[in-house]
Protein chains: 2
Amino acid sequence: MTTRARRPQRRNQVLSREQIIEAAVELLDAGGEGALTVRALVERLSTGSGAISYHVGKRDDLLDAATETVVTAALETKPGGVPATPADEIRTVALALFDAIADHPWLATRLTRQIVRNPVGPVTVGIFERIGRQVGALGVPRARWFDAASTLVHYILGAVGQNARIEGDPSGLDTEADREAFFDAASAAWEELAAEDYPFMHAIVGQMKDHDDREQFLTGIAVVLDGLTHLR
Amino acid sequence: MTTRARRPQRRNQVLSREQIIEAAVELLDAGGEGALTVRALVERLSTGSGAISYHVGKRDDLLDAATETVVTAALETKPGGVPATPADEIRTVALALFDAIADHPWLATRLTRQIVRNPVGPVTVGIFERIGRQVGALGVPRARWFDAASTLVHYILGAVGQNARIEGDPSGLDTEADREAFFDAASAAWEELAAEDYPFMHAIVGQMKDHDDREQFLTGIAVVLDGLTHLR
DNA sequence: ACCTGAACACCGTTCAAGT
DNA sequence: ACCTGAACACCGTTCAAGT
């Protein structure tokens with residue numbers, strides 16, 4: 001390693017925007033949105049609070065940046081060079097978002113928020129462009145492309161948001177066991193509802209117990225895709 | 001007024017849970033989730049912070065209670081005695097939620113959260129029961145009722161969440177003019193995207209400018225309903 | 001240009017004390 | 001049973017000062 005550097009006039013930049021975002025994502029994954037505090041960040045990066053605001057601005061901006069980083073990475077995952085069908089491509093994007101939220105439950109709230117408030121950002125544009133390109137090939141007439149893409153995106157966001165499990169539970173293990181216990185408790189409670197007032201809930205309590213979120217999500221996508229082919 | 005009361009052993013209860021929730025909704029409507037602070041509540045109700053926690057528990061519980069109150073009220077609006085078709089009934093529920101979120105933008109985030117975390121509460125059960133009852137009449141086979149109802153609810157939540165405009169903007173008037181300015185800015189930015197990289201965004205920028213959220217929402221519902229009739 | 005960290009103005013929750 | 005309000009342990013942001 002060469003130790004002779006010419007006039008290091010400015011201090012070694014030891015902290016970067018990327019580093020802060022990375023640490024933020026780790027905190028968010030571990031403890032949900034409440035766990036992302038400036039002080040936790042300061043300790044983890046052993047720096048001062050001013051340095052953080054210098055690099056990423058306000059906490060809210062950091063949350064946006066973290067969202068953007070994670071979503072962009074999720075959308076880039078596209079290894080297979082197979083030129084998929086339009087439906088396949090839509091499913092790929094949808095599942096990428098589904099999985100991203102499964103890995104980062106705090107994303108659910110933030111993703112919705114970002115799309116609403118920042119229609120110009122790479123998150124909104126990325127998702128719409130990627131999905132929207134397919135709707136023409138699906139047989140949707142040009143005048144309805146915006147409606148079609150919006151319907152798909154809205155469905156995906158809604159479904160994906162509902163599959164963000166017990167976010168920010170600091171009590172650790174929200175594993176498969178937890179998940180099952182949660183569903184068991186829910187279906188038990190549904191069974192106790194008055195049957196005459198809640199006939200539907202009683203009818204589906206069995207289906208609810210052994211459904212698979214991911215499969216159900218794909219079913220929903222298929223339903224929307226099917227409906228879109230009839231959009232004139 | 002009779003002034004002679006027999007031993008009012010306990011003080012007049014001057015503060016009620018309902019009053020607190022009502023004040024909370026007003027604060028939320030006026031300034032978004034950030035405006036609901038214990039101190040703001042304390043001042044508005046001229047009481048102490050302890051009284052609030054006594055009646056409604058923690059801030060988070062109050063947010064849940066406010067959500068429940070508003071959603072329940074929205075779902076109860078059912079004046080016409082006309083026994084609508086299944087599709088009509090679904091549209092009624094969907095629009096009730098749409099309008100509730102238009103009036104109370106803070107609901108968007110909270111509604112999702114409540115449905116995820118409290119599948120037993122009146123919000124989740126109310127929405128599912130009301131919508132789910134219709135899917136049988138739609139021609140969905142019984143074994144698919146849960147999938148069908150979930151698809152509808154997920155679409156509705158996703159769409160409705162996206163139509164919660166600039167929530168919690170304390171700068172007042174988020175009126176029609178603001179809304180238009182917002183869309184104009186967005187479409188201007190979309191037009192500036194590189195046409196070769198974002199062909200879809202360019203194709204729809206005109207549609208985006210003069211679309212109507214509510215109509216688009218109904219289109220989406222129609223798409224999903226259509227898809228559901230083919231679900232086997 | 002980059003970083004420090006004290007200071008500030010908030011925040012929600014708790015709890016001993018009063019009625 | 002209901003309410004008060006001080007005390008506490010947090011929080012994000014700012015900013016003069018250092019390098």
Side-chain angles (χ1 to χ4, degrees), chain A residues 5-25 27-28 30-67 106 109-110 113 167-171, chain B residues 5-28 30-67 106 109-110 113 168-171:
Chain A
R6 296 248 285 148
R7 268 189 299 139
Q9 256 183 341
R10 59 195 60 168
R11 239 161 107 187
N12 281 341
Q13 187 178 327
V14 66
L15 195 61
S16 72
R17 188 179 147 84
E18 287 68 35
Q19 260 178 72
I20 297 174
I21 292 174
E22 192 187 350
V25 170
L27 287 170
L28 287 163
E33 205 166 311
L36 179 66
T37 68
V38 174
R39 278 156 232 263
L41 228 31
V42 159
E43 196 197 13
R44 178 177 280 244
L45 298 166
S46 31
T47 178
S49 59
I52 296 196
S53 103
Y54 178 81
H55 284 286
V56 296
K58 305 193 186 286
R59 190 189 111 107
D60 206 55
D61 300 327
L62 176 54
L63 246 353
D64 282 343
T67 302
W106 52 272
T109 306
R110 276 281 147 181
R113 187 190 159 101
E167 175 192 345
D169 186 359
S171 65
Chain B
R6 296 247 284 147
R7 269 189 299 136
Q9 257 184 338
R10 60 194 61 168
R11 240 160 110 189
N12 282 341
Q13 185 179 329
V14 66
L15 195 61
S16 72
R17 186 180 150 86
E18 286 69 34
Q19 261 179 72
I20 297 173
I21 292 174
E22 192 186 351
V25 170
E26 286 170 22
L27 287 170
L28 288 163
E33 203 166 311
L36 179 66
T37 67
V38 174
R39 277 155 233 263
L41 229 29
V42 159
E43 194 196 17
R44 180 176 277 244
L45 297 167
S46 32
T47 177
S49 59
I52 296 196
S53 102
Y54 178 81
H55 283 288
V56 296
K58 306 193 183 285
R59 190 189 109 106
D60 206 57
D61 301 327
L62 175 54
L63 245 354
D64 281 343
T67 303
W106 51 273
T109 305
R110 275 284 149 180
R113 189 190 158 97
D169 187 358
S171 65

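Atoms considered below: every heavy atom in the structure, side chains included; atoms not considered: hydrogens, waters and symmetry mates. These numbers come from a predicted model, not from an experiment. Throughout, protein chains are lettered first and strands after them, A, B, ... in sequence-line order, and every chain is numbered starting at 1.
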Do A/W106 and A/T67 have side chains that get closer than 4.5 Å, going by heavy atoms? yes
Between CG of B/L45 and C1' of D/dC2 the distance, given in whole Å, is 15 Å
Just jot down the side chain to side chain contact (heavy atoms under 4.5 Å, CB included) partners of B/A35, sequence neighbours excluded, or say none. none
Separation of D/dA1 atom C1' from B/L15 atom CG, nearest Å, is 13 Å
Whole angstroms only, please: what is the CZ-C1' distance between B/R17 and D/dA1? 17 Å
Nearest whole angstrom, please: distance from the C1' of C/dT13 to the NE2 of B/H55. 16 Å
Report yes if some heavy atom in the side chain of B/L62 is under 4.5 Å from a heavy atom in the side chain of B/L41; otherwise report no. yes
What's the CD1-C1' distance between A/I20 and D/dT13, to the nearest Å? 15 Å
Should B/R110 and B/D60 count as an ion pair when the cut-off is N to O under 4.0 Å? yes
Pairwise salt bridge (charged side-chain N to carboxylate O under 4.0 Å, His left out) hits with a residue in residues 38-52 of chain B, at least two apart: B/E26-B/R44
Side chain to side chain contact (heavy atoms under 4.5 Å, CB included) between B/D61 and B/K58, intermediate numbers included: CA-CA 5 Å; B/D61 301 327; B/K58 306 193 183 285; 3.7 Å; yes
Which string of ( ) [ ] | and . matches DNA chain C, if you list each base 5' to 3' and count Watson-Crick or G-U pairs only when both distances are under 3.5 Å? ||.|||||...|||||.||
Side chain to side chain contact (heavy atoms under 4.5 Å, CB included) involving A/V42 - partner list, sequence neighbours excluded: A/V38, A/S49, A/I52
Would B/E33 and B/R59 satisfy salt bridge (charged side-chain N to carboxylate O under 4.0 Å, His left out), going step by step from the backbone distance to the final call? CA-CA 11 Å; B/E33 203 166 311; B/R59 190 189 109 106; 3.8 Å; yes
Scan nucleotides 5-12 of chain D nucleotide by nucleotide, 5' to 3', and note B when protein non-hydrogen atoms come under 4.0 Å of the base, S if they reach only the sugar-phosphate, - if neither. BB----BB
Taking only the side-chain nitrogens and oxygens of B/Y54, find out if one of them lies under 4.0 Å from OP1 or OP2 of D/dC3. no
